[in-house]
There are 2 protein chains.
Amino acid sequence: MKKRGNRYHHGHLAESLLDAVDEIATQFGIEAVTLRGCAKRIGVSPASAFRHYADKRALLTVFATRALNQLADAMEVAKLQAQDKGEDMLQAVCMAYVRFALTKPAFFRAMWREEMIYSRDSDYLAATDRLAGYLQEGFVKTIADEDPSEFSPQELLAWSTVHGLACLFVDGPVAREQDRDEKLQLTNDVLAQLLPVFKI
Amino acid sequence: MKKRGNRYHHGHLAESLLDAVDEIATQFGIEAVTLRGCAKRIGVSPASAFRHYADKRALLTVFATRALNQLADAMEVAKLQAQDKGEDMLQAVCMAYVRFALTKPAFFRAMWREEMIYSRDSDYLAATDRLAGYLQEGFVKTIADEDPSEFSPQELLAWSTVHGLACLFVDGPVAREQDRDEKLQLTNDVLAQLLPVFKI
DNA sequence: AGCTATATGTAAACGCCGTTAACTTACAAT
DNA sequence: ATTGTAAGTTAACGGCGTTTACATATAGCT
C-alpha cells in the first residue's frame, strides 16, 4: 500500500485498480464492482482507468487471470505438501480447488464469468492451462495426449467433479446452511467415492 | 403471442416480460438483459415492470425458476424414455442435464447466478428440489435421508459431475472449439467412467 | 346503468453507470 | 531549457434501475 499525497500522477494505477476490484468483490460481490467505484476508492477520476484498461471487461479479465493463478498457486502448495507427507496428491489438489472456492467465492465466480471477461485472452487461457495441469498430473499420458488443453475422460471427470462441487456450493442450493468445514467434509466424502475409480 | 392494438392496458405484462427476458438472453446473453430493454421490446413504458416485479432481481428469479423447471421437464422426459427402452435412467438424466446447458446456455447461466437472483425464494428452491429429485432417483434411500435437500455422497457426486461438466462447457475453457455433438460425446465418455461406481 | 375502488398503465425525474473527447500536468529525453 | 509523451482531469453523453405523481381502464356494488 503506497501513500498518495495529492500527487497528480498516481504511479501504480493499474495494480491499484486490481486491488480495488479485489476489495469490492470480496466485500460486496463481483456484480457490485464498478469502474467508478474502484476509481473513487483509490481517489482518482472515473476516466483514469481507461489509460490502463481498454474497458471494464479488460480489467475484469486481468482480475480473473490473477484469481486463476492464485488458485493454481494454492493447488501447487497442496500438491507439494501431499508429496512430502506421502499423501494422495490428486486428492490434495482437488480439496484445494474446492477450498479456494469456499474461501474466496467472489474470486471463484469472477474466474468463470464468460460474459464479463475476454475469455480468449491469451494470459487468461494460459492461466486455465496451468490450472488444468495440476489436475492432469498423476494421470497416465498417452502419446496423442500432449496438448494440455486436451483431456482424457478420466481427467475431465476429476475436473468436472471438483468444479461442479465448487459451483454448487458457491452458487447452488447445496449445503447452503452448512459452514465451510462441513462443506469440506462433504467434499472429502464425495472424493472418497470418486478417487478409487482412478486407482484401477 | 398476443397482439396489442394500442390498448392502455397490456393484459399479460408479467408473462410477456419473462418472454422478453427469454428472447434477449437467448440472443445477447443474460448480462445484456435490461428492464428498459424488455419494456421497449414489448412496447410498454420502463416503469410498468414494477407493477409486477419488485425489482429486476425478482424478475430474473422468476425467469431462473422457469428455466429450472424446463430443465427438470427435459430430465423427466429423458427418464421416461430410458425407462421405456430399458436403458440406464441415471445416464439418461445426466445426459439431459448437460444437453440442456449446451442447448440453452443463457438459461443455464441464469439458473445459478446467485448474485442476480433471490436464491432463497421458495419457488426457486422448490424448482431446485425438483431438479435434484431426478438425480436422486435410482439411489438407495436410507431412513435418515428423507429430506430432499440432503444428499448422499454418491448423489452429490453425480450432480457435481454433470453440473461441473455443464459449467466447464458453458463458461469454461473445455472443448471450446468443439461443437455440441462432440461435447455430448465427451460427456458420454466421462459418464462411462463415473456410472460404474454406482453399480457396485 | 352509473359510481367508485383498485389494478395497471404512463411521464418525468433521480443518481449511478461505462465511455469518450478535449484539456492539463508531470516526467524523461534531448 | 525545450519538448514529446505518458498519465492524469473535467465535462459531457446516453443508458441503466428505480421512485413518485399522475392517468386510465376494469370490476364490483347499488
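Quick note on labels: first sequence line is chain A, next is B, and so on, each numbered from 1.
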Per the salt bridge (charged side-chain N to carboxylate O under 4.0 Å, His left out) rule, what does the pair list look like for residues 89-102 of chain B, sequence neighbours excluded? none
So the salt bridge (charged side-chain N to carboxylate O under 4.0 Å, His left out) pairs with at least one residue in residues 58-71 of chain B (sequence neighbours excluded) are B:D19-B:R66, B:D22-B:R66
List in chain and number order the residues that pass side-chain contact (heavy atoms from CB on, under 4.5 Å) with A:N69, two or more places apart in sequence or in another chain; answer none if no residue qualifies. A:T65, A:A127, A:R130
So, using side-chain contact (heavy atoms from CB on, under 4.5 Å) as the criterion, who are the partners of B:E115 when residues are at least two apart? A:I30, A:E31, A:R109, A:R113
Counting only pairs under 3.5 Å, give me each side-chain donor-acceptor contact of residues 188-195 of chain A, with atom names and distances, residues two or more places apart or in other chains.
unit_1: A:N188; atom_1: OD1; unit_2: A:Q91; atom_2: NE2; d: 3.0
unit_1: A:D189; atom_1: OD1; unit_2: A:Q185; atom_2: NE2; d: 3.1
unit_1: A:Q193; atom_1: OE1; unit_2: B:Q154; atom_2: NE2; d: 3.3

d(NE2, B:H12; P, D:dT26) in whole Å: 12 Å
How close or far is atom P of D:dC16 from atom NZ of A:K56, stated in whole angstroms? 14 Å
To the nearest 10 degrees, how far apart in direction are the end axes of the helix from C:dA1-D:dT30 to C:dT30-D:dA1, each fit to five base pairs? 0°
Does anything in residues 42-65 of chain B form a salt bridge (charged side-chain N to carboxylate O under 4.0 Å, His left out)? List the pairs, not counting sequence neighbours. none
According to salt bridge (charged side-chain N to carboxylate O under 4.0 Å, His left out), does anything in residues 85-94 of chain B pair up with another residue at least two apart or in another chain? List the pairs. B:D88-B:K199
Are OP1 or OP2 of D:dT9 and a side-chain N or O of A:S45 less than 4.0 angstrom apart? yes
Spacing of A:K40 atom NZ relative to C:dG18 atom P, expressed in whole Å: 12 Å
Measure from CZ on A:F28 to P on C:dC16 and round the result to the nearest Å. 15 Å
Between P of D:dT18 and CG of B:L17, the distance in whole Å: 13 Å
Please list, chain by chain and in numerical order, all residues satisfying side-chain contact (heavy atoms from CB on, under 4.5 Å) with A:F50, sequence neighbours excluded. A:L35
Go through C:dT20, D:dC22, D:dT19 for me and flag the one nearest to the A:F50 side chain. C:dT20
Suppose we call two aromatic rings close when their centres sit under 6.0 Å apart. Are A:Y134 and A:Y97 close by that rule? no
Should the ring pair B:H163 and B:F108 be called parallel, tilted or perpendicular, given that the plane angle runs from 0 to 90° and is split at 30 and 60? tilted
Partners meeting side-chain contact (heavy atoms from CB on, under 4.5 Å) with B:A39 (sequence neighbours left out): B:V44
Sub-4.0 Å heavy-atom contacts from residues 57-67 of chain A onto DNA chain D, ordered by number: none
Calculate the interatomic distance between B:R51 atom CZ and C:dT6 atom P; express it in whole Å. 14 Å
Give a yes/no answer on whether the side chain of B:H52 brings an N or O atom under 4.0 Å of OP1 or OP2 in C:dA7. no
Between P of D:dT18 and CG of B:D55, the distance in whole Å: 5 Å
What parts of residues 29-39 of chain A reach DNA chain C, counting only heavy atoms under 4.0 Å away? A:T34, A:L35, A:R36
